[in-house]
Asker: 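Structure provided below as structure tokens; questions to follow.
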2 protein chains.
Amino acid sequence: MANDFSYKDKKVITIGIVRDLTGLSERQIRYYEERKLIFPERSSGGSRKYSFADVELLVEIANKIEDGVQTHEIRKEMLRAQKKQNQDDLRRKMIQGQLNAQFGLRKGPSS
Amino acid sequence: MANDFSYKDKKVITIGIVRDLTGLSERQIRYYEERKLIFPERSSGGSRKYSFADVELLVEIANKIEDGVQTHEIRKEMLRAQKKQNQDDLRRKMIQGQLNAQFGLRKGPSS
DNA sequence: CAAACATGTGAGGTTTCCTAACATGGTTTT
DNA sequence: AAAACCATGTTAGGAAACCTCACATGTTTG
């Protein structure tokens, strides 16, 4: 229904390409996964698959590490940011629910 | 300067993923390349790399073939379409040149 | 009917990816 | 300071993914 999530989030890039795209070593990329900073999907055979969003995230992570931030700290930041995001999403959804209850169409024209 | 070409056109997808995304066989994908309908890049080691745009094009090609159109015919269509596109691009660029000559700023504020 | 088309399949070989382990030079922590 | 942890490199052995080439086949098309 909402938000046909597209190119940016599709997990279709193998680790070698990610290496080329980011300039990181495969070792680093896998290590950041081990530290739960990044979550590739897997092919049936077990190969990692990343999205462009993942690639961008990896670059951000690498920058922070270069600034002396530890993976552990980065992870906490990310959890905090994500929690806030979830709260915001929920709030938005509840407001939308209210609007639908008041004005929403039943069997309305589905654009 | 113009049009930071992004996700959709970056060649980062290996043939196995393209197979999964399109439902075509690798044989078909390679054959359409042989018939000059699609142009993947190559990794240093020789592996093919496709873009999302390529994936969409492959689906279109497959549909036409399913409708009985031959690769040879599809190629002609594509060349025709591309030629028109080039003409349009050129025209647009010339008009833009005229505008710049008349109103364009030298050393103007760069957005 | 001969040639071309579109696709499957198999062989043999190279590239890419996987995990696991050990090495190392910096930082903390005790 | 010794022990522990951090981030990364490197190596080994093995499996998955990819490559080209060739042959087979059923289906158009000239």
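Just so it is clear: chains get the letters A, B, ... in the order the sequence lines come, proteins before strands, and each one is counted from 1.
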Asker: Distance check needed: C/dA21 P versus A/E34 CD, whole Å only.
Answerer: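 Result: 12 Å.
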
Asker: When the distance from CD of A/Q70 to P of C/dT29 is rounded to whole Å, what number comes out?
Answerer: 8 Å

Asker: Among C/dT7, D/dC6, C/dT19, which nucleotide has an atom closest to any side-chain atom of A/R48?
Answerer: C/dT19

Asker: Given D/dA7, is OP1 or OP2 found less than 4.0 Å from the side-chain N or O atoms of A/Y31?
Answerer: yes

Asker: I want to check one thing: is the phosphate of C/dT16, taken as OP1 and OP2, less than 4.0 Å away from some side-chain N or O of A/T14?
Answerer: no

Asker: Whole angstrom is fine here: how far is it from CD1 in A/I15 over to P in D/dA16?
Answerer: 17 Å

Asker: Return the 5'-most residue of the pair B/E26, A/R42 with respect to DNA chain C, ranking by each residue's nearest nucleotide.
Answerer: B/E26

Asker: Nearest whole angstrom, please: distance from the C1' of C/dT7 to the CG of B/L37.
Answerer: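 Taking CG of B/L37 and C1' of C/dT7, I get 15 Å after rounding.
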
Asker: Please lay out, stage by stage, how A/D89 and A/K93 fare under the test salt bridge (Lys or Arg N to Asp or Glu O under 4.0 Å).
Answerer: CA-CA 6 Å; A/D89 285 359; A/K93 208 156 123 194; over 6 Å; no

Asker: Take A/S44 and A/S25, find for each the nucleotide of DNA chain D with the closest heavy atom, and name the residue whose nucleotide sits nearer the 5' end.
Answerer: A/S25

Asker: Measure CG/A/L58 against P/D/dT8 and give the value in whole Å, please.
Answerer: 12 Å

Asker: Counting only side-chain heavy atoms from C-beta out, which of D/dT10, C/dT19, D/dC18 sits nearest to A/R27?
Answerer: D/dT10

Asker: Under a 4.5 Å side-chain heavy-atom rule over Ile, Leu, Val, Met, Phe, Trp and Tyr, are A/F39 and A/L37 clustered together?
Answerer: no

Asker: Before you tell me yes or no, could you show the steps for B/R42 and B/E33 under salt bridge (Lys or Arg N to Asp or Glu O under 4.0 Å), namely the whole-Å CA-CA distance, both residues' side-chain angles and the distance that decides it to 0.1 Å?
Answerer: CA-CA 13 Å; B/R42 296 289 185 133; B/E33 176 181 359; 3.6 Å; yes

Asker: Whether A/S43 contacts D/dA17 is assessed here as follows: a side-chain N or O lying under 4.0 Å from the phosphate OP1 or OP2. Is that the case?
Answerer: yes

Asker: Side chain of A/Y32 only, heavy atoms from C-beta on: which candidate in D/dA16, D/dT20, D/dT8 is closest?
Answerer: D/dT8

Asker: Go through the steps for B/R30 and B/E26 under the test salt bridge (Lys or Arg N to Asp or Glu O under 4.0 Å), then give the verdict.
Answerer: CA-CA 6 Å; B/R30 296 202 187 96; B/E26 296 184 18; 3.0 Å; yes

Asker: Closer than 4.0 Å, any side-chain N/O of B/R19 to the OP1 or OP2 of D/dA17?
Answerer: no

Asker: Given atom CG of B/D20 and atom P of D/dA16, what is their separation to the nearest angstrom?
Answerer: 15 Å

Asker: Can you measure B/I17 atom CD1 to D/dC18 atom P for me and round it to whole angstrom units?
Answerer: 7 Å

Asker: Just the rounded figure in Å: distance from C1' of C/dG10 to CZ of B/R30.
Answerer: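 Those two atoms, CZ and C1', are 13 Å apart.
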
Asker: Please walk me through it: do A/K76 and A/E73 pass salt bridge (Lys or Arg N to Asp or Glu O under 4.0 Å)?
Answerer: CA-CA 5 Å; A/K76 277 199 279 186; A/E73 202 49 47; 3.8 Å; yes

Asker: Looking at D/dA7, D/dT8, C/dT15, which one has an atom nearest to any side-chain atom of A/T71?
Answerer: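 Of D/dA7, D/dT8, C/dT15, D/dA7 is nearest to the side chain of A/T71.
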
